[in-house]
Amino acid sequence: MEQKGSSTGKGRGRDKEFVREITPQAVDYSQWYIDVVLKTELMDYAPVKGCMAIRPYGYAIWEKMQELLNRRFKETGHQNAYFPLFIPQELLQKEAEHVEGFAPEVALVTQGGGEKLSEPLVVRPTSEAIICDFYSRWIQSWRDLPLLINQWCNVVRWEKVTRPFLRTSEFLWQEGHTCHRTEEEAEAETLKMLGVYQDFLEKEMAIPVIAGRKSERERFAGALRTYTVEGLMRDGRALQAGTSHNLGQHFARVFDITYLDQDDSLKHVWQTSWGVSTRLIGALIMVHGDDRGLILPPRIAPLQAVMVPIISRNARDEVLAAARRLAEMLQGAGIRLKLDDREGYTPGWKFNEWEMKGVPLRIELGPRDLAAEQVVLVRRDSGAKETVPWAELPRRLPLLLEELQEDLYRRALEYMQERTRSGGDYDEFLQVMERERGFFVASWCGREECELKAKEESKATIRCIPFDREMEQKNCIVCGRKAAEVVYFARAY
RNA sequence: CGGGGCGUAGCGCAGUUUGGUAGCGCGCUUGGUUCGGGACCAAGAGGCCGCGGGUUCAAAUCCCGCCGCUCCGACCA
């Protein structure tokens, strides 16, 4: 791990206790992750396996994501709507490949009101089926197109192995479902929304991603083509951060979604669907976090700064009054700032608490600062301190937050680049996947046989076929035949 | 679904080998002194010992069954 154990970081004895609270990444990355989500109060386990409560601090992050994504969805012409939780089983079964893909993990309701239902209801694992059923009635004319709708909802997938945020039986997400007149328009929409995800991830979440197409094997059940953005976590494993599907006319045909075109002929629509989920909270944790806990990028952080007053017997009221005045002023200037004026906790305790929770900036105000009309600013990511006069704060704070945001992105990008190998033969590929992991860029013949062989022997899968990467080698890394594509391999969550 | 680990106070654990009616640290409550990197003192509150059955005068402890969590492997956002 790049981040050193906190016990060696600053040479303070107290850090030992800290290590006991959150398992260091280098000791056990999975345990570190669990410790972080529980101790920072992002979630709590539910009595039902694979389910969880998203606690206020975690939900605040989700709300921030929703806000920033909604803005983008609306800018690209989409409207929000809501569709039902229950899907008649018969509807889900219409698209053969779709049902095959999802049947193993659906929850089925067979009873209601104390009586056996005449037809079982599926709890939506995704909403293509129910939405297509509506769309077949809503769309009549070419004038009804394009239809651009998104919904925010929960979905249920009966997963065998679960992990908070990354893979839960129930999760929150958004799913966009659009209909278009032409294949080209649908393809353009699919790629546009993938671009929206990439932009959101990189600009707001400070998470660099590789964008590309999924291999045939990894394609969404029922889709023509699936596109993806893939991030790299700090343990070298990849995470599918968002997907965008060109559904072609597969669903339109079985659900009979047709429109009368200008040339007086009846045509099937071309569809897309795309989604991101609360899994992104997991990505946020794993891309930026360190041994002390979360590090939240300022644009997505529910709290961008926390002000800790340091009071002493003789300067108590004065310090608190100045802190309140400053806090109000900065909140008024649009900074998401909390004044932590709780009594009974020492400043050191508060420092550690907010560091663990990943608040990007800390503002200290004590008797010495009061006299000099200044504060001490401390960055969560680097620990760097600076003193800033009160009058400068409204200017300095936004700048510093922006710098921090950029630094987090740059740090994550550098990590991803360092952990992206290209070239090398199959043996080297196997070794990399066994040891340091990360991305391995290689040429591939395009045959599923090789994809499966690589997976079996390395546990790595083809994460995506990137849009903008030149093929460096002429032959498939697995079989040595003439290569058709360049692909990113990685072990994935 | 296969393999390992763990279920005792909110959290972390001891107690289980050898049965005798539950303890420690942190946290929590109240009062006081403190406050520039996890403060201190005092007094308190808090337990179906995962669930069900069995053995026994007596079970956290022994036996049988089940459930849950977690980690590692095959599927998914």
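Labels below follow one simple rule: chain letters A, B, ... track the order of the sequence lines, proteins then strands, and each chain is numbered from 1.
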Smallest separation among heavy atoms of A412(A) and H288(A), with atom names = CB-CE1, 4.3 Å
Tell me what P125(A) touches on the nucleic acid: a base, only sugar-phosphate, or nothing, going by heavy atoms under 4.0 Å.
-> nothing
How long is the line joining CE of M307(A) and C1' of G36(B), in whole Å?
-> 15 Å
Smallest heavy-atom separation, Y426(A) atom then K453(A) atom, equals OH-O, 3.7 Å
Between atom CZ in R313(A) and atom P in G36(B), what is the gap in whole Å?
-> 13 Å
Please determine, by modelled atom types, if Y227(A) and E187(A) share a side-chain donor-acceptor pair under 3.5 angstrom.
-> yes
Closest contact, heavy atoms only, R163(A) versus S30(A) = NH2-OG, 3.4 Å
Sort out the partner of U33(B) for me: Watson-Crick or G-U wobble, both distances under 3.5 Å, none otherwise.
-> A39(B)
Decide whether T226(A) and H245(A) meet the rule of one side-chain donor and one side-chain acceptor closer than 3.5 Å.
-> yes
Separation of the P atoms in A43(B) and U55(B), to the nearest angstrom | 47 Å
Quickly work out the R342(A) CZ to G27(B) C1' distance and round it to whole Å.
-> 14 Å
On a heavy-atom basis, the closest approach of P24(A) and D291(A) is CA-OD1, 3.4 Å
Partner nucleotide, any strand, of U18(B) [Watson-Crick/G-U, under 3.5 Å] = none
Given atom NZ of K39(A) and atom P of G27(B), what is their separation to the nearest angstrom?
-> 14 Å
Please measure how far the C1' atom in C69(B) lies from the corresponding atom in C64(B), and state the result in whole Å.
-> 22 Å
Touch class at under 4.0 angstrom, heavy-atom based, for V376(A) against every strand present = base
With sugar-phosphate taken as primed atoms, P, OP1 and OP2 and all else as base, the protein-contact string of nucleotides 71-77 of chain B at under 4.0 Å (heavy atoms; B, S, -) is SSBBBBB
Decide if atom CD of E386(A) counts as having more than 12 heavy atoms of other residues, nucleotides or ligands within a radius under 6.0 Å.
-> yes
Write down the distance between CZ (R292(A)) and P (G37(B)), rounded to a whole number of angstrom.
-> 13 Å
As its Watson-Crick or G-U partner within any shown strand, both distances under 3.5 Å, C75(B) has none
Nearest whole angstrom, please: distance from the C1' of G37(B) to the CD of E355(A).
-> 8 Å
Please measure how far the P atom in U30(B) lies from the corresponding atom in U18(B), and state the result in whole Å.
-> 47 Å
Q374(A) has an atom CD; how far is it from atom P of G36(B), in whole Å?
-> 17 Å
Using the C1' atoms only, state how far G19(B) lies from C57(B), rounded to an integer number of Å.
-> 12 Å
Using the P atom as the reference point in each nucleotide, state the distance between G5(B) and G27(B) in Å, no decimals.
-> 33 Å
Both distances under 3.5 Å, Watson-Crick or G-U wobble: report the partner of A45(B), or none.
-> none
Is C6(B) paired to anything, Watson-Crick or G-U wobble with both distances less than 3.5 Å, and if yes, which nucleotide?
-> G68(B)
5'-most contact on RNA chain B (nearest-nucleotide basis), E343(A) vs K385(A), goes to E343(A)
With both distances kept under 3.5 Å, what pairs with G23(B), Watson-Crick or G-U wobble?
-> C13(B)
Look at all strands and tell whether G50(A) reaches a base, only sugar-phosphate, or nothing, counting heavy atoms closer than 4.0 Å.
-> sugar-phosphate
Rounded P spacing from A9(B) to G46(B) in Å | 15 Å
Quick one: is C28(B) close enough that its OP1 or OP2 comes under 4.0 Å of any side-chain N or O from Y345(A)?
-> yes
Nucleotide C11(B), atom C1' - distance to CZ of R55(A) in whole Å | 12 Å
Pairs flagged by side-chain hydrogen bond (donor to acceptor under 3.5 Å, both in side chains) wherever residues 50-59 of chain A is involved - sequence neighbours left out | none
Worked verdict on D341(A) versus I311(A) for side-chain contact (heavy atoms from CB on, under 4.5 Å) | CA-CA 10 Å; D341(A) 56 2; I311(A) 57 184; over 6 Å; no
OP1, OP2 of A39(B) versus side-chain N and O of T346(A): anything below 4.0 Å?
-> yes
A22(B) and G15(B), which share atom name C1', separated by this distance in whole Å | 8 Å
Which value, in whole Å, describes the distance between the P atoms of nucleotides A60(B) and G52(B)?
-> 13 Å
